[in-house]
Each structure stands twice: as C-alpha cells, then as structure tokens.
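Here the structure comes first, spelled out in structure tokens, and everything after it is commentary.
Positions are given from 1 along the sequence. Everything quoted here is computed from the prediction, not taken from an experiment.
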Amino acid sequence: MSENNLRQYIDEFFEELVLYDDYHNNHYYKMLLKAGIDVFLDNENSYNAYEVYRTFFMIYQITAQNKSDESKSEKISLVREPNTLLDLVKIMKKYEENTGDLIEKQRDHFIHSVNVFLLGLAIYSQNKGYRDKFKDYILKSPYEKFYKIDGEFSHEEFLYRWGVAALFHDIGYPVEIIGKQLKKFLNDGIKSISSSYNADTAIDFKDFNEFNTIVKMEPDFADNYTSVYPEAKFLNLFKPTDIMAHKIATDFKGVDVNDVIRHLNSFVDIMGESGFIDHGFFSSILVLNSYGYLIQKYAKNHDFFFYPIVDSATAILLHNYYRNVLQKKPFELKSLHPSQSPLAFLLILCDELQEWNRKPFGVKDKKRSHVNKLLIDIDDRGMDVEYIVKEGSMGLGFSEDKEELLKNVLSLRSIFKLGLRIITDVEQDNIIKEIVHEESQAPDILIRNVEKIAIQTHNQYVETTRRQHDEMIARGEEPDEAFMKKYNELCSFEELTPQLKIANIRQARSIPGKLDLIGCEIATEDDEREAISEFTEDEVLDLAIREHDEWCREKEGTGWIYGEEKDLENLVTPYLVPWEDLTPEIQQYDIDPVLNIPNLMKSLDLKVVRTKQRLLTFEMHKFYMESHEDSQQFDDLPDYIKYSNYKQTDFLVKILSELGYDMVDVESTGKAITNFDEDSIDYLAQREHNAWYKLKVNLGWKYDSVKDYDAKTNPNLVDWDQLDYETQEYNKLTFRNLPQLCENVGLKIVKN
C-alpha cells in the first residue's frame, strides 16, 4: 500500500471550507465528503475512490428537485433521480479494469483521478499565490453567481470547478484504450513476423459531429451566452468544440478563435493520421454534453453552464492539448500562466506529479516499478515532491525529465518563487534487479534442446536424491518420512505425471532467459570463450528469486492454490508466497537448480559463457582504466556500478541503431566499419553522456568536484555543454576506438 503525507494539507483545506448548503440549509455535506476522503487516504483502493466520486457528484447532482429549498422543510422527500455523471464514472472504471491485459502501456486512471483531485486541494490550501490568481480569475469574469458566504467569495467555487476538472479529466480514456488495443494486436501479430511491416491503426468516427453535439432542449440556451459574449454569435453553441475554442481565445489573448475551431474540428482526423489518441479531448466533450443536457433539462441556470462547467471542461481539454498543440505551430504559446487558466495550470501540474499508487493494467506497465510513498512539502515559496520507490526504479532520469517538462509547459515560478523540486529515492538493490530484468531478451531455444535439458535436469535430480539416500544410510541415519516419500516416487522422465513433465520443461525453457539476466548465454564446447563454472553469490540470489517467481506462475497457471498445508490431491501448496516469506530450507529448492546450471550444461557438452556484449563491457572498462589512474578493476567495483556499466553497453546498441548501425557477431554477414565520421562521433558521445548522467542520478549520485564511490559524487554529472573539453574528447575517444574494442571480443559494427 502506498503512503503519502497529503492528509495534513487536506485537513487544512477543509478547515477553511464552508459549503453553501451547510451554512444556509443545515446540511453536513462537507463532513460527508471529508469522511469519504479520509477513508480513501487510509486505504487507496477503487472501492474507496468510488465513494469520493459518489459523494462529490451527489452533493452537486443536477436534478429537477431544488434540494436547497426542499431542505428547509422538515418533511422528508424521497426522490429517485438518475445520476448520469456517476454512470460515466462507473463505465470508465469497468472498462479500464477489464481491458488492461490487451494493452502494452496503461496505468490506473480511476484512483489516479481522485489523487489528482486531492493534490490540487493541497496546493490550493498551501499556496496563497495560486489562491489569489484563482479568485482574481473568477472576479474578473462576468459571472456573478459564484459561491459566496455572506456575500464574500467562497472556497467552494474552487472545490466545485476543480472537482469536475480533476475527477472527470480522464473520463474519456476508454476511447484511447480501444486504439491501444488495436495497436497491440498489430504489434503482437503481423509485426512479430517481421519488423519491416509498417502497418498502423487509428480510431475513426463515421459521424464525429453527432458525438460533438449538445442536445438542444432550450432555444434561449445560446442566446443567453451571446448576450454576454456578442462575438460568439457566429459560433454553434450546441457544439462543444466551438464553445471551448471561444473559451481558449478569451483566456489566451492573441489566439484566433477561428484557428482553434478549425484545429479542434479536424483533430479527430489529425489523431488518425498521426496514430495517437488524446483522451482529454474526448473527456472534455463528454463533460459538456452531459452538463449541457442536465442544465437545460433541470437547472435552467445557463450561466452555471457557461462559466464553471465550460471552465472545467476546457481545463480538461488543455491538460494534454496545451503542450501538444498550443505550444507548437501555428499557435506557439509560451508557458502557461495560472492567471490565464488556473484550472488548466493546476490540472497539468497535478496530473504530471500524481505517480503514487498507480496500479498498472498494461502489459509493460505491470513490469515497471511504482512509487510506494510520497513525501510532499508545499508553501507560498516552493514545492518539493519526493517519490520513494521500494521495488525497482522510476526509470532513467525520471526526476529531471519531469521537472523539465513542467518547466517548459507551466510558469511555475509565478506561484512558487523557489520553483518545484522532484526527488526520487530508490533502494539500491532493487535498481539492480530492475536494470537486469528489463534487459532480458533471450530468444526461445529449439524444442529438441529444451527436451534434452528437461530430461537431463530430471535425471540429475534422480541421481542426487539417490546419492543423498545412500549417504544417509552409510552414516547410519534414518531418512525422514518426507524424504522417503520423495525417494520412493523416483522414476524415469517418461513415467512422470504430465504436470511434472511440464514443470521440467518450464525450468529448461527458462534457462536462457535467466542467463541473459546476468550477461551469460549457452555456447557449444568449441566456443573460444571461457566457461563459467559458478555464479557469484548475488547472481545466484537474483536467479533463485526469478526461479521462484516462475514456479509460482506455473503453479497458479496449472490450478494450484495457496494453503497452509500441502495437499497434492487438491493442488494446495503453502509455498505460493513471495520469496522473502519462504524459509531458508525451501529457498534452497530454488537455489539448487541455479547452482546446477553450469554442471547441467557440461553434462550436455555445452557450457555457460559471458555474452559478447558483456565481454565488451569488460573491454571498455579496461580502456577506461588506461587513462584513469584512480579507477578500480572491474571485479572490485560495487555491484550496482557493474550493472550500470552493463546498462551503458546495452545502450550503445540502441544509439548505434539511431544512426543506422548494428552491433553483430563477427561471423555475421556485412562488412565491419573501422571508424565513424566526426558528426557521428559527436552525436554518439553526447547521447551516451546524457544516458550515463540519467542513470547515475537515478542510482543516487550527485555532482561534486571530487569523485567518490562511497559518497556517490562525480564532477562530470553536468550537461554535455558544461563538460570541460578534455572530458568531452575522452567520451569521443571511446567511440573512435569502439570498432576495435568490438573486434577484441568477437563483435563488429555494420551498416544496416
């Protein structure tokens, strides 16, 4: 369960909040909403998130009944009216949870939206600069029916507008899900045959105008708007895109409303041609369609729609649209100032910062690491956000990339004089696991080889068990009942049950992938590389944990369930638990097959060797040592430094491919290149330095004038342009010598 310290700020927001219906009509709506939020903060799950949605949209439900007037009566009126806004929330939640496995990348948007809502309340509560700009924005508009208490501006105006914007900002995400499903199908299907296939897909609307229309129920709906904004009389005010285009042109001086209308009306086609979907676009239209219908039918207060609702819906549109469209040609707007659109400003900020407790649904995101704890510090001067990750890593340069994005999109210093700082705190050991697991791309091996390994694995198990039995008897020991049961069940591979055969095959098939995690592979005896007879202690532990995880997936996939007592007949086992919950004796069952891999390969006239890319890592480190007297031997480096070096070597393959080069075995076809031109060397050196910089920062390193492994400081932790000439030239020297370094380990670089 994720933790965060938002509660103190949320408490302060509600202490200052007075709701109109509570003050005038003796309701307890604030208490109900706060109770739902408190329960959610205690346990951030979808059940409690839905309670927050439900309470908010019930407090502000638009119905035929005038709840404020009715509340003055002591008589209880039971009126049942549909809440179409909540229906949208339920549809989004259900669709997201049930379709994630058909998508590569997708994280939770349901709980996420509640956390975005709460983070916005916290910032509003703690930052006077933002509160003042929001209030000024409201007071400068022609809207006079904003929430007031005794005639004074009320924080409820922010609560309402922000609640609609934050809780609804991802309501159109199912549209994006559909597009991602089609894309994944193509990637998993025809592109798996050959990467040369360039097929793509997009979502198309046969009649987008039908979706982009507010149902017309009141003839004076548009007239009321143009009475305040006469310049809008040429717009179709039953068309959400026209309404939002006018709002954007009103808020952002210099933007031509017709340019925005043309772009929004063609945006569906643009998305189709470019192969992406902006769910914020569809979310904003859904909000305007829903509220436009409800307000015409029930409220009759058109100002309520044209100001708060249009403001919230346009903020939803802008949370992606601003940086993806309005900051580019032909609009080229600068960073967004909160006085222009305070809701859009806050929504972009909170949406980007909300990284804690985001459940992964997509296939790739399930493999990523996630924030376990959030520490946040907000005041009138600045904002510090610290993400604490207990398992894995947030990705290379996560904090720097996030800060850079927000700095480019938002005028942060307009409310935070000291700026925004994003800090990522990651446990070191888990970064290592994330790095190696992410790099595991070992190919499947032929079935005949899987068969040989599986049979030999079983035969060695039989031999070991019999030898253990004979040794116990020779020592005069009496084997226990469990051991004798295992001994008496020994049989040939052919006699095994189907489940046990599959278990052996699974274990055999997994060996290449396990070896790839630690930079090894299987080779024939005549391969010139030196055989590895044993793994390091850390490598054994990593692979044993992986073996247990694979065993658990196998058992669950074949119908086994967890139970405190082992029951073979009913497929119950007490070992379907995380690795750390196993006893040392049971952990040994996963460790032993890992320890046995070198001997197993040897018995099949094969051997375990380091991959040539890992050998290139050693070769590059030797090259580094020649010009750095203070450097350590590779074997003496801390494990996380070794793994970071592995990662950098793997990254070489990627940046070479960007320039049209492949790194292949020396026996492969294609003429090896002997040098790069200067432009390529400059490009490769800069890309490699940037990747090194991000990796070091993510591993906890900081800049200092002195290099220190223990303190994790390095004088080169600066941008490429800030490196001294000598260091830049050394980075380039690596690439000048890379063809020769590759040749030294049996690799070559070819033009693809």
Side-chain angles (χ1 to χ4, degrees), residues 2 4 6-7 10 13-14 17 19 21 27-63 67 80-98 100 106-122 124 156 158-177 279-280 282-291 293-295 308-309 312-313 315-316 319 343 346-347 350-351 354 356-359 361:
S2 299
N4 66 66
L6 277 177
R7 187 187 297 272
I10 302 300
F13 174 83
F14 277 93
L17 177 68
L19 296 190
D21 268 333
H27 283 297
Y28 299 96
Y29 291 162
K30 183 178 83 167
M31 182 188 70
L32 294 176
L33 181 59
K34 180 63 164 52
I37 289 172
D38 285 342
V39 171
F40 172 80
L41 287 171
D42 287 337
N43 192 355
E44 292 186 14
N45 57 40
S46 60
Y47 179 87
N48 291 329
Y50 181 68
E51 286 304 306
V52 176
Y53 282 103
R54 178 155 58 181
T55 304
F56 181 89
F57 287 116
M58 288 182 73
I59 290 173
Y60 296 108
Q61 185 174 3
I62 299 170
T63 70
K67 294 187 291 298
R80 180 178 180 179
E81 292 174 323
N83 195 326
T84 57
L85 304 175
L86 265 180
D87 291 341
L88 283 174
V89 169
K90 287 186 281 190
I91 290 169
M92 188 267 279
K93 174 179 180 290
K94 184 177 180 180
Y95 208 94
E96 182 174 74
E97 291 178 344
N98 291 338
Q106 181 196 334
R107 295 186 296 162
D108 157 73
H109 291 77
F110 187 74
I111 296 173
H112 159 75
S113 293
V114 175
N115 272 317
V116 166
F117 172 57
L118 299 183
L119 181 57
L121 299 184
Y124 181 90
E156 186 172 7
F158 171 77
L159 174 69
Y160 182 71
R161 295 194 187 203
W162 174 243
V164 173
L167 295 175
F168 264 162
H169 80 280
D170 284 337
I171 201 69
Y173 194 74
V175 180
E176 190 165 321
I177 288 175
H279 63 270
F282 296 102
S283 297
S284 63
I285 293 175
L286 279 169
V287 168
L288 291 180
N289 285 347
S290 301
Y291 278 95
Y293 170 79
L294 290 171
I295 288 172
I309 300 304
S312 298
I316 291 172
H319 89 277
L343 286 186
L346 191 62
L347 186 55
C350 296
D351 190 42
Q354 204 289 298
W356 64 96
N357 194 23
R358 290 204 69 178
K359 181 179 179 180
F361 292 116

For Tyr28, side chain to side chain contact (heavy atoms under 4.5 Å, CB included) partners two or more places apart: Met31
Contact check, side chains of Phe56 and Tyr160, non-hydrogen atoms, under 4.5 Å: yes
Heavy-atom pair of closest approach, residues Val164 and Ser312: CG1-CB, 3.7 Å
For Asn48, all residues meeting side-chain hydrogen bond (donor to acceptor under 3.5 Å, both in side chains), sequence neighbours excluded: Asn45
Nearest-0.5 Å distance, NE2 of residue His319 to CG of residue Leu346: 13.0 Å
Side chain to side chain, Val287 and His169, heavy atoms closer than 4.5 Å: no
Heavy-atom pair with the smallest gap, counting every atom of Ser283 and Ile171: OG-N, 3.3 Å
Gap between atom CZ of Phe14 and atom CG of Leu159 - 0.5 Å precision: 6.0 Å
CG on Leu121 to CD1 on Ile10, rounded to 0.5 Å: 5.0 Å
Minimum heavy-atom distance between Glu156 and Tyr60, given as atom pair plus value: OE2-OH, 2.7 Å
Worked verdict on Arg7 versus Asp42 for side-chain contact (heavy atoms from CB on, under 4.5 Å): CA-CA 9 Å; Arg7 187 187 297 272; Asp42 287 337; 2.5 Å; yes
Min side-chain heavy-atom separation Leu118-Leu41 under 4.5 Å: yes
Audit row: Trp162, Val116, side-chain contact (heavy atoms from CB on, under 4.5 Å) steps and yes/no: CA-CA 10 Å; Trp162 174 243; Val116 166; 4.1 Å; yes
Salt bridge (charged side-chain N to carboxylate O under 4.0 Å, His left out) partners of Lys34, counting only residues at least two apart: Asp11, Asp38
side-chain contact (heavy atoms from CB on, under 4.5 Å) evaluation trace for Phe40 with Glu51: CA-CA 8 Å; Phe40 172 80; Glu51 286 304 306; over 6 Å; no
Minimal non-hydrogen separation, Leu119 against Leu6, with atom names: CD1-CD2, 3.9 Å
Minimum side-chain heavy-atom gap Ile111-Asn115 below 4.5 Å: yes
Minimum heavy-atom distance Ser284-Ala313, with the two atoms named: CB-O, 3.3 Å
Leu294 versus Ile62, closest heavy-atom pair with distance: O-CG2, 3.7 Å
Reported CG-to-OH distance for the pair Leu19 and Tyr29, which is rounded to 0.5 angstrom: 10.0 Å
Stepwise side-chain contact (heavy atoms from CB on, under 4.5 Å) check, Phe158 with Leu17: CA-CA 10 Å; Phe158 171 77; Leu17 177 68; over 6 Å; no
Straight-line distance of Phe117 CZ to Leu347 CG, nearest 0.5 Å: 12.5 Å
